[in-house]
Structure formats: structure tokens, C-alpha cells
Amino acid sequence: MQFFRVKGGKALSGEVKVSGSKNAALPIICASVLTKEKCVIKNIPDIQDVHTLLHILKFLGSEYTFENNVLTIQTKEVKTKTIPHDLVKCLRASILLLSPILIRNNKVKLSYPGGCVLGKRPIDSHLYGYMRLGAKVTETNDYIQIKSPKGLAGADITMPEISVTGTENIIVAACASKGKTIIRLAASEPHVQDLCHMLNEMGAKIRGIGTHTLHIEGVSVFKGVKSHSVTPDYLEAGTLAISAAITRGNVKIKNMHPHDLEVLWQKFEEVGIPFEVGKNWVHIKPTHKRYKPVHKLQTLIFPGFPTDLQAPFAVLLTQAHGVSRIFETLFEGRLGYLFELEKMGAKTEILNPNQALIIGPTKLQGVPIASCDLRAGAAMVIAALVAKGETIISNINYIDRGYENFEQKLRSLGADIERFDS
Ligand code: EPZ
């Protein structure tokens with residue numbers, strides 16, 4: 001088991017570059033399976049989830065090289081094998097293989113990804129989309145099986161949930177369906193947009209990218225791509241910005257799209273954090289002024305406040321002078337990290353599975369704490385950066401799933417953080 005040891009109290013300073021987006025890299029790697037040709041994909045983060053997905057693809061017959069954040073991958077044939085549960089359960093995003101395999105083989109069988117600490121995480125909106133495109137869907141407790149012997153036919157689909165991976169799966173399936181598809185209530189996160197750009201580079205015909213209504217004209221052939229560069233990870237950028245703000249640091253975050261985080265900057269203004277926004281950078285500046293609470297931090301679908309920054313931002317609110325309300329509208333199990341924060345001295349009140357109050361300011365004390373999930377793990381590191389004394393964080397494998405060189409980036413900004421084995 002690996003841990004982080006963090007000695008808090010240092011203001012971060014310097015410059016840091018953001019890596020490629022995990023949530024864009026995963027669906028884009030899956031989309032490469034649509035073609036027999038070679039795809040070269042750049043700015044892929046070297047993180048655990050990417051390696052797990054590549055392991056699954058190798059099992060299915062893909063050949064690839066992955067070095068210096070460049071993936072060269074080719075899938076000449078997709079073996080009609082059921083992806084075993086032990087591979088699917090450690091990577092929920094393997095559900096994004098449903099469409100490419102269905103399109104290549106006219107059938108696919110995948111072990112049910114199941115829920116996780118964030119909640120039940122059903123996939124009914126995915127399956128609804130497939131049925132609307134004419135596929136035959138059968139579900140058992142363990143497996144999902146989808147068949148389309150005559151191929152898929154375009155349809156006018158209103159998604160029952162605004163689901164990110166649900167939208168991504170149905171976009172890919174619609175790209176290969178005969179005729180026109182409209183997807184209404186489509187998710188529009190930066191990673192959904194990046195997937196659409198990659199698909200269009202492969203020959204797809206998607207219009208309305210970045211909106212909640214997509215118009216797709218089906219095509220029958222997908223070609224390889226010579227060089228697609230994955231969009232920067234706006235969630236990592238937001239995590240680094242919050243880390244700088246909570247330590248009252250002076251940090252320039254580069255290689256990012258500030259426009260992807262408009263609502264985060266609105267909340268920074270509400271708290272009273274000085275910052276400057278450039279074309280592809282944001283500069284977080286120090287201040288001695290008191291941080292103000294946020295009346296309501298409500299997570300929403302993009303372009304609203306991202307659920308994946310809810311935990312990191314809540315840690316910042318423990319340093320604000322007053323009461324802030326957290327309203328997590330997407331997941332029913334995403335407030336568990338507050339119990340870890342309370343061990344450090346934070347004052348919180350969980351009102352129900354979706355709402356909590358943060359009463360600040362509180363001096364956080366370094367103690368042993370655990371990461372409950374990927375983003376909560378990052379939130380624990382942020383808390384440790386400002387805590388008095390030494391914090392030991394366990395279950396950091398969660399953090400390694402989604403943040404590339406996380407402790408190296410923080411150390412380069414002056415944080416006292418190191419990884420050790422138990
Ligand atoms: C994606 O998960 C992300 N993962 C998650 O990021 C992110 O938290 C989430 O979107 C929301 O933005 C990837 O992109 C790989 P959803 P996804 O389907 O697609 C309900 C991270 O930390 N829902 O948008 O699984 C569901 O229960 C991860 O990088 C249905 O009810 O999320 C949940 O409450 C964690 N029916 C909500 O929608 C469905 O068919 C959001 O789920 C699908 C979803």
C-alpha cells in the first residue's frame with residue numbers, strides 16, 4: 001500500500017503545466033477501435049486508468065506503443081471475447097468500449113460495471129440510446145449484451161439522464177448508424193467535445209459540438225488519425241488552482257483552457273481569491289484578505305460547477321469566514337470525504353446525501369486520513385497542504401488513477417509532499 005506524507009503550511013509558488021484530460025483520453029482511446037487503421041494520439045496522461053484501458057484493449061487484440069504521452073494504436077480485429085469482470089470492475093470507463101465493439105462486430109458482451117463509492121451509477125441512459133438506434137439489449141445481473149445484426153439506424157433521441165459516458169457511447173454509435181441522429185440533452189463537457197473532434201477527424205459527421213443537442217449523419221467508414229492531441233485536463237487545472245488558493249500561493253497554471261472553468265472563476269471571485277486569466281493560463285495570486293463563504297456551491301452538468309471539483313473546493317471553504325452550503329446534484333454518494341475532513345478539525349454538517357454545510361474558518365490539523373475516491377483523494381492532499389503538522393494519506397492509488405505526476409507537480413511548487421510504501 002502506498003501513502004503520501006505531507007507537511008502543511010507552505011504557500012505554493014511557481015509555474016506548473018497541466019496534463020492531458022483523463023476523461024477525454026479514455027473515450028478517445030476507445031474510439032480508435034472504430035478503425036482498422038493506425039491512430040496517433042498525443043497528450044495522453046500517463047495514469048493508471050489509461051494503462052488499465054490499454055490492458056483491456058490488448059486483451060481484445062489491439063497493438064500499441066505508449067511513451068512520452070504519445071499513444072500509437074491499431075486494432076486490426078476485435079476478438080469477440082467477453083471482457084471479464086475483474087478488468088471491468090477496476091475501470092468503470094470500460095463501458096465506453098460498448099459502441100466501438102458493437103460497431104466492429106455487430107455484437108458486444110460486457111460485464112456490468114456496477115456502482116462505486118459515488119453511488120449506484122446506473123447505465124439506463126446508455127441502454128435506452130442503443131435501443132432507440134435499433135439494437136437488441138439484454139441485461140442479466142452480471143452482463144450487458146447488445147446485438148445489431150442489421151446494423152444501427154439513426155433516430156431522434158432524448159437522453160433520459162444527462163450522462164457523460166452515456167452521451168459518449170450514443171454519439172459513437174450514432175456516428176456509425178444509417179441516416180441521421182439527433183441527440184437531445186447531450187452532455188457537453190470538454191471531454192465530450194474532444195471526443196467529437198476526434199470522431200470527426202476519423203470521418204464522422206457531428207454538428208452542434210459543445211451544445212446539448214447534437215446532429216449526427218452516420219458514416220460507414222472510419223479512418224485512422226495522424227495526430228490528435230487530447231484536450232488539457234480542466235479538472236486537474238481546477239485542482240491545482242484550488243491548491244494555490246488555499247495556501248495563499250502565487251502560481252501560474254499553464255497549458256489549459258481557462259474558458260472550461262468559468263464557474264470556478266465565479267466562485268473564486270465570490271470567495272475573494274485574486275487571479276488573472278490569460279489565453280492558455282491562469283495566475284492565482286496571494287492575498288492576506290479573509291476568504292468569504294459561498295452561499296451555495298451547486299454542482300451541475302457542464303458548463304455548471306463540475307461535480308469532480310466539489311470535494312477540492314469544499315476543502316477551500318473550510319478556510320472561509322462563515323457558513324457555505326454544498327449541493328451535490330449529480331451523485332448521491334459524493335460527500336463521504338467530509339468525515340475524513342472532520343478528523344482534521346473541519347466543521348461540517350451533512351444535511352442529506354446531497355447537501356452539507358461547511359462552517360469556517362477552522363485550523364486543520366495533520367492526522368492520518370484516507371482517500372475515498374479519485375477526486376476526494378486530491379481533496380485530502382489539498383487539506384494536508386494547509387494543515388498544521390504532518391498528514392498521512394492512504395489509498396493514494398485512487399489519486400494515481402487520474403492525476404499524472406501529482407506529487408511531483410506540487411513539489412515543484414514548493415509543497416512538502418512525498419510518497420512512501422507501508
Ligand atoms: C463521468 O462519469 C466521469 N467519468 C465522472 O468522472 C464524472 O464525475 C461524471 O461523468 C459526471 O461529470 C468519465 O468521464 C470517465 P454520468 P459517468 O453518467 O459518465 C446518473 C472522475 O473523477 N446516471 O454523467 O459515469 C448517475 O447515477 C469521474 O473523473 C443515471 O441515472 O457519470 C449519476 O448520478 C468520477 N443513469 C449522474 O447521472 C445513467 O444511465 C452522472 O452520471 C447514467 C448516469
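Numbering of residues begins at 1 and proceeds along the displayed sequence. For ligands, and for the atoms within them, numbers begin at 1 and follow the listed sequence.
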CA sep, side-chain torsions, deciding dist, call: Glu37, Lys223, salt bridge (charged side-chain N to carboxylate O under 4.0 Å, His left out): CA-CA 6 Å; Glu37 296 178 10; Lys223 51 188 193 297; over 6 Å; no

Ligand 1 versus [X], non-hydrogen atoms closer than 4.0 Å: side chain, backbone, both, neither?
{"X": "Arg334", "value": "side chain"}
{"X": "Asp124", "value": "both"}
{"X": "Thr165", "value": "both"}
{"X": "Ile123", "value": "backbone"}

Glu236 (side chain) donor-acceptor with Ser19 (main chain) under 3.5 angstrom: yes

Sidechain-backbone polar pair: Thr318 side chain, Ala314 backbone, donor-acceptor under 3.5 Å: no

Quick one: does [X]'s side chain get under 4.5 Å of [Y]'s, heavy atoms only?
{"X": "Val271", "Y": "Lys292", "result": "no"}
{"X": "His55", "Y": "Thr52", "result": "no"}
{"X": "Asn23", "Y": "Val164", "result": "no"}

Criterion side chain to side chain donor-acceptor pair (under 3.5 Å) on Tyr143 and Thr138, from CA distance to verdict: CA-CA 8 Å; Tyr143 287 104; Thr138 39; over 6 Å; no

Short list, please: which atoms of ligand 1 are under 4.0 Å from a heavy atom of [X]?
{"X": "Arg375", "result": "21 (C), 22 (O), 29 (O)"}
{"X": "Lys22", "result": "21 (C), 29 (O)"}
{"X": "Thr307", "result": "8 (O), 11 (C), 12 (O)"}
{"X": "Leu374", "result": "21 (C), 22 (O), 29 (O)"}
{"X": "Ser125", "result": "39 (C), 40 (O), 43 (C)"}
{"X": "Arg92", "result": "25 (O)"}

Electrostatic pair Arg334:Asp308 at N-O distance under 4.0 angstrom: yes

Within 45° cone of Tyr337 ring axis and under 6.0 Å: Arg375 NZ or CZ: no

Within-shell test, Glu328 vs ligand 1, heavy atom, strictly < 4.0 Å: no

Glu168 heavy atom under 4.0 Å from ligand 1: no

For [atom], the protein heavy atom that lies nearest, with its residue and separation:
{"atom": "atom 2 (O) of ligand 1", "answer": "Arg121 NH2, 3.2 Å"}
{"atom": "atom 7 (C) of ligand 1", "answer": "Asp308 OD2, 3.4 Å"}
{"atom": "atom 15 (C) of ligand 1", "answer": "Asn23 OD1, 3.4 Å"}
{"atom": "atom 37 (C) of ligand 1", "answer": "Leu330 O, 3.4 Å"}
{"atom": "atom 1 (C) of ligand 1", "answer": "Val164 CB, 3.8 Å"}
{"atom": "atom 41 (C) of ligand 1", "answer": "Phe331 CZ, 3.9 Å"}
{"atom": "atom 43 (C) of ligand 1", "answer": "Pro122 O, 3.3 Å"}
{"atom": "atom 30 (C) of ligand 1", "answer": "Glu161 CG, 3.3 Å"}

Ring-ring centroid check Phe406 Phe4, cutoff 6.0 Å: no

Option among Val294, Leu351, Leu297, Leu317 that satisfies the side chain to side chain contact (heavy atoms under 4.5 Å, CB included) test with Arg325: Leu351

Test item: side-chain donor near acceptor, Glu328 and Asn354, under 3.5 Å: no

